[in-house]
Amino acid sequence: MIYYLSLEFYMGRTLQNTMINLGLQNACDEAIYQLGLDMEELEEIEEDAGLGNGGLGRLAACFLDSMATLGLAAYGYGIRYEYGIFNQKIRDGWQVEEADDWLRHGNPWEKARPEYMLPVHFYGRVEHTATGAKWVDTQVRAGGHSPAPAALLMLCPVPALFLCSSTVNVGDYIQAVLDRNLAENISRVLYPNDNFFEGKELRLKQEYFVVAATLQDIIRRFKASKFGSTDSVRIVFDSFPDQVRARFWDVHIPHMSPPLLSHQLMRIFVDIEKLPWNKAWDITERTFAYTNHTVLPEALERWPVDLVEKLLPRHLQIICEINQRHLDHIAFLFPNDVDRLRRMSLIEEGGTKRINMAHLCIVGSHAVNGVAKIHSEIVKTQVFEDFAALEPEKFQNKTNGITPRRWLLLCNPGLAELIAEKIGEDYVRDLSQLTKLHECVDDDIFIREVAKVKQENKVKFALYLEKEYKVKINPSSMFDVHVKRIHEYKRQLMNCLHIITMYNRIRRDPAKLFVPRTVIIGGKAAPGYHMAKMIIKLINAVAQVVNNDSVVGSKLKVIFLENYRVSLAEKVIPATDLSEQISTAGTEASGTGNMKFMLNGALTIGTMDGANVEMAEEAGEENLFIFGMRVEDVAELDREGYDAQKYYDQLPELKQAIDQIKSGFFSPEEPDLFKDVVNMLFHHDRFKVFADYEAYVKCQEKVSELYLNSKAWTKMVIRNIAAAGKFSSDRTIKEYARDIWHVEPSNLKIPPPNEPRDAAEHQTHNGAAA
């Protein structure tokens, strides 16, 4: 059984996805039509289940979809937040956050399971007795009867996705009432930060809540004699790692703090089940595997020792014991190497003592992986170099993927049907079959049909923007799209500088041929991330000037997509011509938006970063617009020392754009509004925007040149779609299952309710299961 723990599951909407997965969409459309209703209108009413910040929460949802498709026995565990990722409003160009009350009309996709109520403890103290350590005088903050003050979300990935929430019981009614508000805080709201670690007590409570409730539920299942039984029959844990595959995701903020799992399981085994330490540790290490999703230092969790001691005192003792045994082992292998002991310690000394959760993840896991080839190499050679040198066999790569059910069939039915006409419908379950489209690259009819589908999607999205955002855009212009969380490393600022450069070129020579562009930027900034919010304000300020300049007219438009979310992604991605994937080389672990755009017929302009590298390998670098520094160039520039002033002095168009921002050209009422942005670009820019600016602008010129040749552009689009097969999350999950979980996918079908269960088994034995 696979157990997938994440603090985020960015599910989006469920209705249409479920109909597609069950093969019922046409039947449902017809039934609704017969009732005089419109299915699209009905689908638009559903709220997004925004229980995630961005790519990683969405990855969790894609992986559940693939586990269901592949017939893997799996559960997902997370928190059923009362408020998901905030709704973003843009007022006077500024981001304003509003609560996402996604449950205000209820949620038809969930079912409460009060029969599985579990206690979750916090605070207290530790008593050492003759029978072992005891965690006493605890407070059970997360609990209560229905409606549950704090709810564990258990996601069962079956073809139609059902959500089941288990609650946590306090027991003492009076205390439950008194503690209700404190308990509610745990599942009240999703933390809106995912690339910056904040060591807040509530965040640690949320992480431990998921871990403690999940492990209790897992052990209950392991001990039970049969499905649905509450009687314990298994008391020997030797087979636990073979029966349980717990996957914890990342020390990147949106997902689980994995070491909480390892030392919580150790506490259960040692303190409750009374297993000897060595046996408990052996079982724990064989049970867990760890996926890293970031190399950004500020995103790695380092919990203050004082906070952990206050909230989870027994767990701190266990961590210290794990660390001592780990350091003893390192000291034995490398005598007198004090510096190595310091680097590999689980507890960082100096100033505030902190627990390095990534180190604890590695020590407590039997496998460690990155999520793209380049990222996994950086993990091994830079981020965790000492650990990889010690146990190289632990480290692997598992490149991320996306589910083609949502990100092609659901969001782009026109393209999906066109592909099915050419190569059949089986590609939906085996995306590698897209390679057959290479035979169609020179098929003039197919080229025209692909271009027609893209244009229809663009017209549809333009109408949506006019209706919802009250902006008119030219559907014949190039849709240049940059949608993702707003962060310095994703370099929306470089895109903004290019917009200003295009604007200045049009103003300088209005009669010169210019390929019309609609630049669409969208994404949310973490509420406490000042620079990201300033970037949003700058983009909107530039848009205000560009969109109202009569000289520019319809040649260039800039749109900031308010409240970017899953359901909006499903509309904009199929309509995109150019996908912006321009992070500094070596900073984006993988990315999954790049894959969605590729599958939906957009061309990519990007750096050799994350999964872009493998996209270029699959499609051929000549079929992507690759520019800028490679990882080794960035490292060399770091050694030499990055001097932003040098680029400013050498590049006249860059100097003009920066001077306009600095002088208040885009903020005449407040000329120094963007001084913090300019100061950062010159003095604190770790992501080296100026260093890649010239290469980026020249690469954009190549984009415009190719766009003028519609046939050549579409042929390149077809080559990209044909090369997108690797990036299915089905492939990713198969690799996890084979190399880390050691389980086999199953083709066993669940029979309809009117058929006996053994019918499916009979079909499988006779080779008839689909």
Side-chain angles (χ1 to χ4, degrees), residues 1-12 14 48-68 72 74-81 84-85 110 150-157 161 163-166 186-187 189-195 197 203-215 217-218 244-262 264-265 287-294 299-301 357-358 361 365 368-371 398 400-403 485 566 589-590 592 729 732-733 736 740-741:
M1 180 68 74
I2 309 301
Y3 295 100
Y4 182 109
L5 283 80
S6 174
L7 281 182
E8 297 187 15
F9 287 94
Y10 203 167
M11 303 304 294
T14 300
D48 278 51
L51 308 184
N53 280 287
L56 289 180
R58 186 52 235 169
L59 182 71
C62 283
F63 279 4
L64 286 180
D65 183 289
S66 287
M67 285 188 274
L72 290 171
Y75 287 101
Y77 286 90
I79 294 179
R80 176 190 177 275
Y81 299 102
I85 182 66
E110 68 181 18
L152 181 71
L153 182 68
M154 188 176 74
L155 301 108
C156 317
L161 193 66
L163 309 186
C164 327
S165 66
S166 302
I186 288 179
S187 60
V189 66
L190 168 75
Y191 255 71
N193 250 0
D194 71 350
N195 256 306
F197 171 63
R203 183 65 175 188
L204 183 56
K205 281 183 178 179
Q206 287 181 333
E207 293 187 8
Y208 179 68
F209 167 72
V210 175
V211 165
T214 297
L215 283 178
D217 198 51
I218 290 173
V244 173
R245 290 286 185 269
R247 189 81 197 158
F248 41 61
W249 291 84
D250 189 54
V251 287
H252 205 43
I253 290 299
H255 287 269
M256 286 315 307
S257 179
L260 291 179
L261 278 165
S262 55
Q264 169 65 3
L265 189 59
T287 299
F288 294 127
Y290 162 52
T291 296
N292 172 273
H293 283 277
T294 186
L300 297 173
E301 287 189 336
M357 296 307 219
C361 291
S365 301
V368 178
N369 71 276
V371 291
K398 295 289 175 280
N400 281 340
I402 58 170
T403 168
R485 287 171 293 104
V566 173
S590 167
T592 51
S729 51
T732 309
I733 291 299
Y736 277 117
I740 296 179
W741 303 335

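The first residue in the sequence is number 1, and the count goes up from there.
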Trainee: If I compare all heavy atoms of Y10 with all of A49, which pair ends up nearest, and what's the gap?
Mentor: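 Here Y10 and A49 meet closest at CD2-O, 3.8 Å.
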Trainee: Let me confirm one number: the CD1-CE distance from I218 to M1, rounded to the nearest 0.5 Å.
Mentor: 9.5 Å
Trainee: Begin from the C-alpha positions of L215 and L261 and carry the test side chain to side chain contact (heavy atoms under 4.5 Å, CB included) through to its verdict.
Mentor: CA-CA 8 Å; L215 283 178; L261 278 165; 4.0 Å; yes
Trainee: About how many Å separate CD1 of I740 and CG of N369, when rounded to the nearest 0.5 Å?
Mentor: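 Output value for this atom pair is 4.5 Å.
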Trainee: Quick one: are I85 and D48 in side-chain contact, heavy atoms under 4.5 Å?
Mentor: no
Trainee: Just to verify, which of Y736, Y75, W741, F9 counts as forming a ring pair (Phe, Tyr, Trp, His ring centres under 6.0 Å) with Y4?
Mentor: F9
Trainee: How close do A589 and V371 get, heavy atom to heavy atom, and via which atoms?
Mentor: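 In this case the closest contact between A589 and V371 is CB-CG2, 3.7 Å.
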Trainee: Run L260 and F209 through side chain to side chain contact (heavy atoms under 4.5 Å, CB included) and show every step you take.
Mentor: CA-CA 10 Å; L260 291 179; F209 167 72; over 6 Å; no
Trainee: State, without any angle test, whether Y77 and D217 hold a side-chain donor-acceptor pair at a distance under 3.5 Å.
Mentor: yes
Trainee: K398 vs T291, test: side chain to side chain contact (heavy atoms under 4.5 Å, CB included). Steps then yes/no.
Mentor: CA-CA 9 Å; K398 295 289 175 280; T291 296; over 6 Å; no
Trainee: Sequence neighbours excluded, which residues qualify as side-chain hydrogen bond (donor to acceptor under 3.5 Å, both in side chains) partners of S729?
Mentor: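 For S729, the residues satisfying side-chain hydrogen bond (donor to acceptor under 3.5 Å, both in side chains) (neighbours in sequence not counted) are S66.
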Trainee: Quick check for you: to the nearest 0.5 Å, what is the distance between L56 atom CG and T592 atom OG1?
Mentor: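 Answer rounded to 0.5 Å: 8.0 Å.
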Trainee: Test side chain to side chain contact (heavy atoms under 4.5 Å, CB included) on V189 and Y81; report intermediate values, then the result.
Mentor: CA-CA 5 Å; V189 66; Y81 299 102; 5.7 Å; no
Trainee: About how many Å separate CG of L51 and CZ of R80, when rounded to the nearest 0.5 Å?
Mentor: 9.0 Å
Trainee: What heavy-atom pair brings I79 and S187 nearest, and what distance separates the two atoms?
Mentor: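 The pair with the smallest heavy-atom distance is CG2-CB, 3.6 Å.
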Trainee: For E8 and L59, indicate whether the former's side chain and the latter's backbone hold a donor-acceptor pair under 3.5 Å.
Mentor: no
Trainee: Nearest 0.5 Å, please: how far is CG in L64 from CD1 in I2?
Mentor: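 Answer for the CD1-CG pair, I2 versus L64, is 12.0 Å.
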Trainee: To the nearest 0.5 angstrom, please state how far the OG1 atom of T732 sits from the CE atom of M67.
Mentor: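 It comes to 11.5 Å.
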